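These notes concern the structure reproduced below.
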Amino acid sequence: MKQKLIIIFLFLFSLILSTCSGEMLPQKTSINISDRPLTIWWNRGYYPQQDEAIEQLVSDWQKQTNNSVELLFFSEDETLSKAIKAIENNNPPDILFSERAEYTLTPLWAKNGKLADVSPVIESIKAQYTPVALKSASLDNDVTKKSSYYAVPLMQQSLHIHYWKDLVKQIGLQDSIPQDWQGFWNYWKQAQETLLLQGRSDIYAMGIPISVASSDTYWVFEQILEAYDVRLIDSQGKLKLDKPQVKAGITEALTWLTNLYKAGYIPPNSINWLNADNNTTFLNKMTLMTLNVSLSIPGSQQQDEDIYLNQMATIQFPNKPSGEPMKSLTSIKQALIFAASPNQTLAQEFLTYLVQPDHLEQYIKGAAGRYFPVMPELFSDPFWNNPNNPHVYEAAKQLRQGKTRSLYQVLNPAYAQVSTENIWGEALQQVVVNDVLPSVAVDQAIERIKEIFAEWKTT
């Protein structure tokens, strides 16, 4: 019962969260081992060309192998809800791709033995993957009492910074933004103060969510913790929250962000934002800059060349307060095969085909910059290196040249519930809404995280 409640809770929150070189090909299978076609449930893409790309790959594979495939597209919400119900009925699809499963349900499914071991797929292309991608796919299975590859990495997503170049120009500020931590954020404070002097009180400096209802809040605060070099979990998956320096670091990060809100540099209604609200507020030019997971903000303006190329910009994160380069948090999007899937061998053959670099590149490019490669060699494609497409170019440079780190649930699946409950959003609310001291809010957050980890061990 506790496991089922955790699955339901994870899903409900997810509704809020809006050295092969291509020579290896799967062996042809002329007869399907099941009396039904290979069934693939796929998260519908943000852009039509993303869906068209996977449809073409499926069609090409069918022609090469003479196998029958049923490819079904679902929305983000439907993909997870249908998968949960199918698992409960012991009738899952052969392959599932969900854009939100890897930081909500995948760790739990692996833990409970619901996922098939996909090591043969990974081994066929292992040398091509980044260490972060491989780490994300290596999960614990409490049924087999071992760790193995239970997911196939396809692409990655990270947090990016966007700002209005035209507004900065109107204010009279130089479009040369400091890259040291304090200088970077002071630049945006100065911009808002200049706007106020010009009688513009309707534009805020920073579109940063402070709400519990937005998963962007979790992403942003986790990135700030990274900026302050706060490590919550060690490489063995154990919590470090009892260490005084860790608590002090969390408190410093929480204080820094809540002070920005209290000083009026962040819109007051950000405490109630849903996932799309930072996008909408920014696109309505009510904030000068914003942080967002994926390139969906500039992507929405691709049809307006002036806005996309001249008015809006994507920039790198500033250096950490220590002066070290920022490390970007990444979410690795994955394909899954279930332990109860009837066509597991055929499913592995298709995924082996899909992850060949030239095939996977075809699919990722269909996402038009919303997602990025998890194979370094793919970044050599001109698509990622074209300065005339500045948003994709800058975001790709962030992931290609910079350092990346997986979300904590990769180290310990219990942390998936920390993000699901948006513990950091709750802590921020305690400070800015209930006027609780940051140190007290951090104590409350730490206590809840420790409870979650203790509960997870008993499930």
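Being a predicted model, the structure only gives us computed values, none of them experimental. Just the heavy atoms: all of them, side chains too, but no hydrogens, waters or symmetry mates, feed the values below.
- Between the side chains of Ser211 and Asn272, no donor-acceptor pair of N or O atoms lies under 3.5 Å.
- Here CD1 of Ile54 is found 11.0 Å from NE2 of His359. Values are rounded to the nearest 0.5 Å.
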Between Glu394 and Ile315, does the side-chain contact (heavy atoms from CB on, under 4.5 Å) criterion hold? Intermediate values first, please.
CA-CA 6 Å; Glu394 287 296 325; Ile315 55 174; 5.8 Å; no
Please report the C-alpha distance between Arg100 and Asp77 in whole Å, then the side-chain angles of each, then the deciding distance to 0.1 Å, and finally whether the salt bridge (Lys or Arg N to Asp or Glu O under 4.0 Å) criterion is met.
CA-CA 9 Å; Arg100 295 197 299 232; Asp77 296 346; 2.7 Å; yes
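- Ion pairing between a basic and an acidic side chain is recognised when a charged N comes within 4.0 Å of a carboxylate O; Asp234 and Lys243 show no such pairing.
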Could you check Ile449 against Trp424 for side-chain contact (heavy atoms from CB on, under 4.5 Å), going step by step and ending with a plain yes or no?
CA-CA 10 Å; Ile449 292 172; Trp424 302 126; 3.8 Å; yes
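- Going from atom CD of Gln316 over to atom NE2 of His160 covers 9.5 Å, rounded to the nearest 0.5 Å.
- Counted by atom type alone, Gln362 and Asp358 present zero donor-acceptor pairs between their side chains at under 3.5 Å.
- In summary, the side chains of Ser148 and Asp117 do present a donor paired with an acceptor at a separation below 3.5 Å, with no hydrogens or angles considered.
- Between Asp140 and Lys146 there is no salt bridge, since no side-chain N of the basic residue sits under 4.0 Å from a carboxylate O of the acidic one.
- Gln429 pairs in a side chain to side chain contact (heavy atoms under 4.5 Å, CB included) with only one of the listed residues (Ile271, Val436, Asn422), which is Ile271.
- A heavy-atom distance below 4.5 Å is found between the side chains of Glu451 and Glu447.
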Check the pair Ser296 / Asn292 against side-chain hydrogen bond (donor to acceptor under 3.5 Å, both in side chains), numbers first and verdict last.
CA-CA 8 Å; Ser296 60; Asn292 195 53; 3.0 Å; yes
Could you walk me through whether Leu38 and Gln62 pass side-chain contact (heavy atoms from CB on, under 4.5 Å), step by step?
CA-CA 10 Å; Leu38 179 69; Gln62 288 185 100; over 6 Å; no
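- Taking CG from Asn141 and OG from Ser147, the interatomic distance works out to 8.5 Å, rounded to the nearest 0.5 Å.
- Between the side chains of Trp164 and Gln311, no donor N or O sits under 3.5 Å from an acceptor N or O.
- Applying the side chain to side chain donor-acceptor pair (under 3.5 Å) definition to pairs two or more places apart or across chains, those involving residues 40-49 are Trp42-Tyr363.
- The six-membered or imidazole ring of Trp109 lies near that of Phe338, with a centre-to-centre distance under 6.0 Å.
- Ring-plane geometry between Trp61 and Tyr353 is classed as tilted, the angle between the planes lying from 30 to 60 degrees on a 0 to 90 degree scale.
- Contact check for Leu329 versus Thr404: no side-chain heavy atoms found under the 4.5 Å cut-off.
- Ion pairing between a basic and an acidic side chain is recognised when a charged N comes within 4.0 Å of a carboxylate O; Glu123 and Lys126 show such pairing.
- The shortest side-chain heavy-atom distance between Gln348 and Val152 does not fall under the 4.5 Å cut-off.
- Contact check for Tyr129 versus Val355: side-chain heavy atoms found under the 4.5 Å cut-off.
- Between Leu232 and Lys240, the closest side-chain pair of non-hydrogen atoms is not below 4.5 Å.
- Atoms CG and NZ, on Leu239 and Lys450 in that order, are 8.5 Å from each other to the nearest 0.5 Å.
- The aromatic rings of Tyr218 and Tyr415 sit tilted relative to each other, their planes meeting at an angle between 30° and 60°.
- Side-chain contact check for Glu421 and Gln417: at least one donor-acceptor pair (N or O, by modelled atom type) lies under 3.5 Å.
- Asn343 and Arg36 share no side-chain donor-acceptor pair at under 3.5 Å.
- The only option from Leu71, Leu72, Leu96 that meets the side chain to side chain contact (heavy atoms under 4.5 Å, CB included) definition with Ile40 turns out to be Leu71.
- Side chain of Tyr308 to backbone of Pro298: no donor-acceptor contact under 3.5 angstrom is found.
- Checking Ser136 against Gln334 by side-chain atom types alone, a donor-acceptor pair falls below 3.5 Å.
- Between Phe282 and His162, the angle of the ring planes lies from 30° to 60°, which puts this pair in the tilted group.
- Side-chain contact between Arg231 and Glu226 is present, with at least one heavy-atom pair separated by less than 4.5 Å.
- Using modelled atom types, one finds a donor on one side chain and an acceptor on the other under 3.5 Å when comparing Lys333 with Gln157.
- Counting heavy atoms from C-beta on, the side chains of Phe372 and Gln398 never come closer than 4.5 Å.
- Defined by atom type and a distance below 3.5 Å, a donor-acceptor pair is present between the side-chain atoms of Ser215 and Asn275.
- Other residues, nucleotides and ligands contribute only 12 or fewer heavy atoms inside 6.0 Å of the NZ atom of Lys238.
- Thr314 places none of its side-chain heavy atoms less than 4.5 Å from the side chain of Ile297.
- Note that CE of Met312 is 13.5 Å distant from CE of Met289, once rounded to the nearest 0.5 Å.
- Taking CD of Gln128 as the reference point, atom CG of Leu360 lies at 10.5 Å (rounded to 0.5 Å).
- Results of the side chain to side chain contact (heavy atoms under 4.5 Å, CB included) test with Leu159 over Gln223, Met326, Glu222 single out Gln223 as the only residue that passes.
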